[in-house]
Amino acid sequence: MTLRHLAGRVWLFPGDPDPFAVRPTVAVVADDGGSVIVDAGQSPAHAREVRAAVAAAGLPQPRWLVYTHHHWDHVWGACAWPGVEIVGHESAVPLLRAEASRPWSHRYLREQVRENPRLGHSFRARALAVDSWDGFAVLPPTRTFAEELTLPTGVVVRHVGGRHAPDSTVVRVPDSGVLLLGDCWYPPPAHLRTPEDGPDLALAASLLDDDLAWFVSAHDEPLPLAEARAALAGG
Ligand SMILES: [Zn+2]
């Protein structure tokens, strides 16, 4: 798979439309001072595919890796991005330290699903995503922020929180008119969801802005501004 150019200096490595694959879109913001990768990929194998695509496209080597939130499918590839600074919201640190201390293995995943069948969807996808645990590690961010942070490349990360994940962060590339939303407006993950939980359309609507041309959610096709507005008006 190759990178798809979205706008300006933003490129996308499209996710897998099969919901059982749990493979989100990874974004690359090209910059001569070092590119910014937005989300790590769901596994070291996924991260290596994106790295190969970045090299094949001739884009500058990544220097920063931004987490939109701490969920596994956005961070488990981090250990396959050597030499980057990992940027994430401060509330992701204790969450990811706890995840890092768990004895991940295929056997552990099976045992956890037996104890809590609601984990099945996520944990079966993890078992498929990771073929070897050698060298695998969950990495907390090394550079954190409370509200907003502008990286030297002009990329702006801003905490929005919400029901999907407490650390949800959106990433704005002002010169390219792109906002990367991660999963911020999606309902909570299946094992934490209640029947009342739906997409947070109010949060999504609050992020629409005339200075932006593209809205990119991690598990959906990118939407131009007019389509995003129409989708939210219709919802
Ligand atoms: Zn998520």
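Residue indices begin at 1 and follow the sequence shown. Source: prediction; values computed, not measured. Whatever order the structure lists ligands and atoms in, that order sets their numbers, starting from 1.
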Legend entry - the Zn ion (ligand 1) contact by His74, N, O or S atom under 2.8 Å: no

Inset, instruction - Identify whether Ile37 and Val87 are in the same connected component of the hydrophobic contact network (ILVMFWY, side-chain heavy atoms under 4.5 Å). - result: no

Inset, instruction - Tell me whether the centres of the aromatic rings in Trp76 and Trp104 are closer together than 6.0 Å. - result: yes

Inset, instruction - Give the ring-plane orientation class for His159 versus His89, where under 30° counts as parallel, over 60° as perpendicular and anything between as tilted. - result: parallel

Legend entry - N/O/S atom name from His71 that is nearest to the position of the Zn ion (ligand 1): ND1

Legend entry - Matching residue for His69 among Asp183, Thr169, Asp39, Asp167 - test: side-chain hydrogen bond (donor to acceptor under 3.5 Å, both in side chains): Asp183

Inset, instruction - Kindly confirm whether the Zn ion (ligand 1) is within less than 2.8 Å of some N/O/S atom in Asp183? - result: yes

Inset, instruction - Starting from the Zn ion (ligand 1), look over the N/O/S atoms of His164 and name the nearest one. - result: NE2

